[in-house]
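Remarks on the structure that follows.
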Amino acid sequence: MNIIRLYKSRKYLLKLLLSITVLMVVFLSVSTTLLFYNSDKAMLQMQQQADLKVLSQIKYNIDYMHDTVKNIAVSTFFDPDVIYLSNINVMNMGELAQKLNRLEKTVSNSSFLQNITIYNAKTSCYYSTLSSLNCQDDGMNGVIDQFIHSHKNIPVLTFVPLYSDKMPFPSLAMFMYDNASESKLVVTIKPSWLFDNLANMNKTSEGIGGSIFITDKSGIPLMAGQQDNIASTETIESIIREKVSAGITQDYLVHGSGDAKAILSFMSSSKSDWVIASDQPYKIVWGKLSKMRVISFAIIIVFLILSIAGSLLIAYRLYRPIENLLTQVTGIRRKETGDKSELDELKVISTAYQDAMHQLVKHESEEHTNRDAQKTYALRRLISDASLPTQEEMQQVNWDMDFNQGLRVCVLLIDDFAGFESKTSDGEKRMYKFAIANITKELISKSVNCEVVPMGYDHFVLLISDGNMFHTEGTTTVTHTLKELQQTILQYYSLSITVSIGEEVDRYQQISQQYGHVLDNANYRMIFGKGTVITPDLVRHNNDNITFQFPIDAEKKITEAIKSGHEKDFQEHLDQLFQHMKVMHYNNIMYAILHLLALVENIVREMNSRTVRQVSLDFKRHVQITMKQETLEPIYHVFLDIFKAIQKQRTQDVKEQSNQILTDTIKEMIEEQYKDLNLSMQSIASAMKLSSAHVSKQFRLHESVSISEYINDVRLGKALQLLETKDYSITRIMEMVGYNNESYFFKLFKKKFGITPKEYRFKTVVQE
């Protein structure tokens with residue numbers, strides 16, 4: 001009674017007990033189900049293998065007998081005595097007796113043969129090893145004679161069953177004849193050799209109520225009464241007929257239901273066209289398995305009862321630590337709720353623990369946030385203007401490095417920042433800033449003492465302090481660590497980082513000045529490429545090379561190449577100029593690029609003044625594209641594109657140029673009027689005073705899409721931007737981009753982006 005009362009008063013203890021018990025029951029149920037299923041499957045496979053072995057042996061014996069009798073029939077058919085008996089018109093009785101004696105020797109030498117009979121079609125006489133000299137006696141009590149005269153097409157060299165009411169077994173005969181003479185050789189075998197063998201096998205299987213029998217391809221047994229022990233003869237005949245007609249040579253299946261359920265195995269013989277089959281009652285075959293199941297089930301029940309009893313003890317032992325903790329917080333428990341019967345022990349303990357931890361975490365979080373904010377503020381003041389922080393302010397911050405030792409400033413610059421900024425939301429930018437700062441601090445602090453602070457979203461400042469780091473070995477270690485940092489950020493966040501390392505400074509008051517130099521050195525990413533580590537030694541020659549004058553020869557050669565249209569010469573001179581830029585000061589590089597742009601513009605203006613065909617280039621756009629590039633390689637390709645555009649316009653057919661202008665005008669109209677619900681190919685053609693067919697043809701020729709497809713692409717792109725940046729309803733966004741049918745809008749949106757507008761907005765919210 002005390003145990004029952006204990007369990008009733010402890011809800012968590014009851015949960016623990018029920019969990020253990022349910023787990024045991026589920027485990028035993030699953031295990032038992034798998035055991036029974038696998039035992040059924042294993043028993044079925046064993047029975048199948050046993051049946052197929054027996055049927056294979058019988059099939060082998062039948063095929064062997066068939067081949068033997070076939071060979072005897074062929075050799076006998078061409079025997080001179082058989083040929084003589086098959087074609088003689090008047091028989092000499094003496095010769096007949098002599099020839100039949102020789103045939104009797106052939107029969108006696110074989111354990112299969114019963115009789116050899118020759119039918120002479122000319123005289124309608126039978127000469128048999130079992131008949132008298134009367135030629136009307138076929139030796140089989142007229143069975144052969146009846147079969148020959150009742151069948152026009154008799155199978156050759158295959159067993160044919162001959163039935164008679166006077167015979168307990170069908171007689172199996174093999175015919176061979178020549179169609180020209182219609183005389184026939186008939187070789188019969190002893191039916192007892194085959195059917196007695198089957199009868200003996202069936203006697204051994206009487207204990208399990210099964211039967212082994214032989215049928216033809218239609219499923220009809222060769223011997224009446226072969227299937228007396230089988231529940232459904234018609235079903236078996238139907239199954240065998242269907243399987244054999246489908247080309248299945250052997251199979252094993254369960255048929256019927258209830259008490260009539262049975263296991264059928266069969267194997268067909270291609271030589272004799274017979275089917276050897278075995279049919280056994282299902283309930284008898286699986287009798288032993290059922291007994292095993294009953295025993296197993298009883299054992300499982302006993303085990304389950306013992307398990308439940310054991311789980312009571314185990315659950316209580318596992319509950320003891322909970323009970324001890326409960327005793328310690330029992331005061332809080334009484335204070336919060338006065339009714340103990342409604343309490344969950346773990347909930348009381350968890351609530352008390354969470355309250356305590358919440359206060360502790362809140363206090364630590366506030367302290368940590370204040371400390372980080374103070375350190376970030378101090379670092380940014382120090383980097384921006386090292387004269388601002390006083391000694392007292394520096395000492396108030398809990399730094400992770402010593403500012404009285406040698407210091408070095410490093411800048412971590414995000415590559416392709418314009419693309420990164422356009423594709424990343426503000427929330428994602430904050431996440432990246434936090435992650436990069438933490439990864440940098442964790443990796444670099446393994447080698448040296450450091451501090452990291454983000455300066456805007458495009459770069460971070462890393463301060464390093466270590467008394468021994470400025471030796472050659474220490475610098476190599478830091479450089480290696482910085483490269484490892486680049487690989488880590490690229491691997492996890494797909495962000496390329498360029499690192500610029502500054503010179504050593506003795507006092508922290510020099511940090512802000514050194515920060516400016518390091519930022520200037522980072523600009524040489526233009527030469528060395530993205531994802532590099534730029535050291536002062538690497539760019540020293542560039543910084544010293546401050547004198548510059550744009551090469552006059554290069555200017556002259558580039559001008560001649562553009563005017564003459566020689567792309568190879570232009571590319572060669574452009575290569576030389578860009579190679580020359582790689583040793584320049586950064587400011588001179590930018591001056592050279594702008595000078596080259598101005599040069600190209602002047603060349604185009606000069607060419608336009610001397611010819612009727614004008615070259616139209618948007619140099620303002622090219623300047624913007626060029627200034628956005630971070631390395632020389634894409635700028636080099638910008639100038640190649642400008643050259644190709646100039647030459648294309650110079651060589652372009654007037655009509656083709658007109659069509660290109662038409663296409664560009666249509667695109668501009670769509671960009672400006674996509675909100676108009678009535679915007680269509682017809683409205684555009686009408687506005688331009690051109691036929692719809694001409695406008696549609698020229699636009700598709702240049703853009704590879706129809707005008708309606710281009711309108712939908714523009715509208716859906718605008719809808720995507722609004723979904724990302726605005727909180728408008730989807731219906732309003734649909735109307736803002738020129739749609740008035742919601743189902744049509746959803747269909748087009750899903751076809752282009754793979755999800756509906758609602759799903760896209762939900763996905764965007766979840767990611768943020």
Side-chain angles (χ1 to χ4, degrees), residues 370-414 417 433-434 436-472 474-483 485-486 497-525 532-540 542-544 586-587:
N370 294 335
R371 186 170 61 249
D372 285 350
Q374 181 185 11
K375 181 185 289 188
T376 301
Y377 172 69
L379 277 172
R380 286 177 176 171
R381 290 183 67 202
L382 182 66
I383 293 168
S384 300
D385 190 348
S387 63
L388 292 177
T390 63
Q391 286 286 350
E392 293 75 13
E393 290 176 337
M394 292 291 293
Q395 293 174 0
Q396 290 176 1
V397 180
N398 186 20
W399 301 109
D400 293 332
M401 56 183 288
D402 187 359
F403 281 89
N404 294 319
Q405 295 184 351
L407 302 172
R408 186 165 295 200
V409 179
C410 301
V411 169
L412 280 60
L413 199 63
I414 298 177
F417 181 72
K433 179 181 73 172
F434 175 79
I436 293 174
N438 277 274
I439 291 174
T440 303
K441 184 69 177 288
E442 182 177 351
L443 285 178
I444 303 301
S445 61
K446 293 179 180 179
S447 304
V448 293
N449 299 325
C450 66
E451 291 287 358
V452 183
V453 61
M455 302 294 287
Y457 287 118
D458 61 336
H459 71 278
F460 300 78
V461 173
L462 170 65
L463 298 178
I464 298 174
S465 169
D466 193 314
N468 299 320
M469 68 158 287
F470 301 116
H471 299 303
T472 303
T475 304
T476 303
T477 302
V478 173
T479 303
H480 176 76
T481 306
L482 289 171
K483 290 181 179 179
L485 171 65
Q486 290 175 319
I497 299 292
T498 296
V499 179
S500 177
I501 304 176
E503 298 279 3
E504 176 189 359
V505 294
D506 298 329
R507 297 176 291 111
Y508 73 83
Q509 288 84 355
Q510 299 173 325
I511 287 178
S512 56
Q513 182 182 7
Q514 186 61 216
Y515 169 62
H517 294 324
V518 177
L519 272 181
D520 290 340
N521 290 346
N523 291 326
Y524 287 102
R525 174 178 58 183
T532 56
V533 177
I534 301 173
T535 62
D537 292 337
L538 189 64
V539 297
R540 196 177 306 280
N542 295 80
N543 285 328
D544 293 340
Y586 174 76
N587 294 337

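Quick caveat: nothing in here was measured; it's all calculated off a predicted structure. The first residue of the sequence shown is numbered 1, and numbering continues consecutively from there.
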Report the residues that fulfil side-chain hydrogen bond (donor to acceptor under 3.5 Å, both in side chains) with [X], sequence neighbours left out, ordered by chain and then residue number.
{"X": "T498", "answer": "D415"}
{"X": "Y515", "answer": "H459"}
{"X": "T481", "answer": "S447"}

- Item | Candidates V453, V452, V499 - the one meeting side chain to side chain contact (heavy atoms under 4.5 Å, CB included) with L462 |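 Of the listed options, the one satisfying the test is V452.
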[X]: partners by side-chain contact (heavy atoms from CB on, under 4.5 Å), with sequence neighbours left out:
{"X": "L485", "answer": "L412, I439, T440, L443, L482, I489"}
{"X": "R507", "answer": "Q509, Q510"}
{"X": "D520", "answer": "N523"}
{"X": "D544", "answer": "R540"}

- Task: Considering non-hydrogen atoms only, spot the tightest contact between S445 and C450 and give its length.
- Result: N-SG, 3.9 Å
- Query: With a 4.5 Å heavy-atom cut-off, do Q486 and V533 have their side chains touching?
  - Reply: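 Counting from C-beta outward, Q486 and V533 do come under 4.5 Å.
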- Item | Validation row: R380, P454 side chains within 4.5 angstrom (heavy atoms) |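 Sidechains of P454 and R380: in contact.
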- Query: What do the steps show when you test M455 against S384 for side-chain contact (heavy atoms from CB on, under 4.5 Å), and what is the final call?
  - Reply: CA-CA 10 Å; M455 302 294 287; S384 300; 4.2 Å; yes
- Item | Residues which pass ring-ring contact (aromatic ring centres under 6.0 Å, His included) with F403, listed by chain and number, not counting sequence neighbours | W399
- Task: Please report the C-alpha distance between I464 and L407 in whole Å, then the side-chain angles of each, then the deciding distance to 0.1 Å, and finally whether the side-chain contact (heavy atoms from CB on, under 4.5 Å) criterion is met.
- Result: CA-CA 6 Å; I464 298 174; L407 302 172; over 6 Å; no
- Any salt bridge (Lys or Arg N to Asp or Glu O under 4.0 Å) pairs touching residues 446-456, not counting sequence neighbours?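 Qualifying pairs, neighbours excluded: K375-E451, K441-E451.
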